[in-house]
Undergrad: 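Dumping the structure here so I can ask a few things about it.
Heavy-atom basis, side chains included; hydrogens, waters and symmetry copies ignored.
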Amino acid sequence: MILHCPLHTFDAEQVWTVVDGGATVELDGEKVTVVPGDTVVMPAAAPRRVCADPEQGFAAIVAASPGASASAPDGTGKTVPAWTV
């Protein structure tokens, strides 16, 4: 499996609650490891990268405002983050 962990931003706050597996979350330059039961609040416009654990995978419940969208940090356009292929 090839993992993709694109750096991106969202135009709205997101709240992620991990329900299975694990991940490394890079938020505004700081990295944390998350496991089931952890919740991460990601402020709007903060650069972020979420990399699923390559062996366990990762599942989370994510809440954000309707219509929220992601973009590359250089502002080159909207993108839909894809962490795994």
Undergrad: Rounded to the nearest 0.5 Å, how far does SG of C51 lie from NZ of K31?
TA: 7.5 Å

Undergrad: Show the nearest heavy-atom pair for residues P36 and G21, with the distance to one decimal.
TA: CD-O, 3.0 Å

Undergrad: First locate atom CD of Q56, then atom CG of D20, and finally report the distance between them rounded to the nearest 0.5 Å.
TA: 8.0 Å

Undergrad: Which of these, V62, V15, D28, L27, sits in a side-chain contact (heavy atoms from CB on, under 4.5 Å) with M42?
TA: L27

Undergrad: Listed by chain and number, what are the salt bridge (Lys or Arg N to Asp or Glu O under 4.0 Å) partners of E26, not counting sequence neighbours?
TA: R49

Undergrad: Just verifying a value: how many Å separate D53 CG and T24 OG1, rounded to the nearest 0.5 Å?
TA: 7.5 Å

Undergrad: Over all heavy atoms of both residues, which pair between G22 and F58 is shortest? Give the atoms and the distance, please.
TA: O-CB, 3.4 Å

Undergrad: How long is the gap from CD on Q14 to OG1 on T9, to the nearest 0.5 Å?
TA: 10.0 Å

Undergrad: According to a hydrophobic-cluster definition based on side-chain heavy atoms being under 4.5 Å apart (Ile, Leu, Val, Met, Phe, Trp, Tyr only), do V32 and W16 belong together?
TA: yes

Undergrad: Could you check V19 against I61 for side-chain contact (heavy atoms from CB on, under 4.5 Å), going step by step and ending with a plain yes or no?
TA: CA-CA 7 Å; V19 295; I61 297 171; 3.9 Å; yes

Undergrad: List the atom of A68, the atom of A12, and the distance in Å for their closest heavy-atom pair.
TA: CB-CB, 3.8 Å

Undergrad: Quick one: pull up OG in S65 and CD in E13 and give me the separation to the nearest 0.5 Å.
TA: 8.0 Å

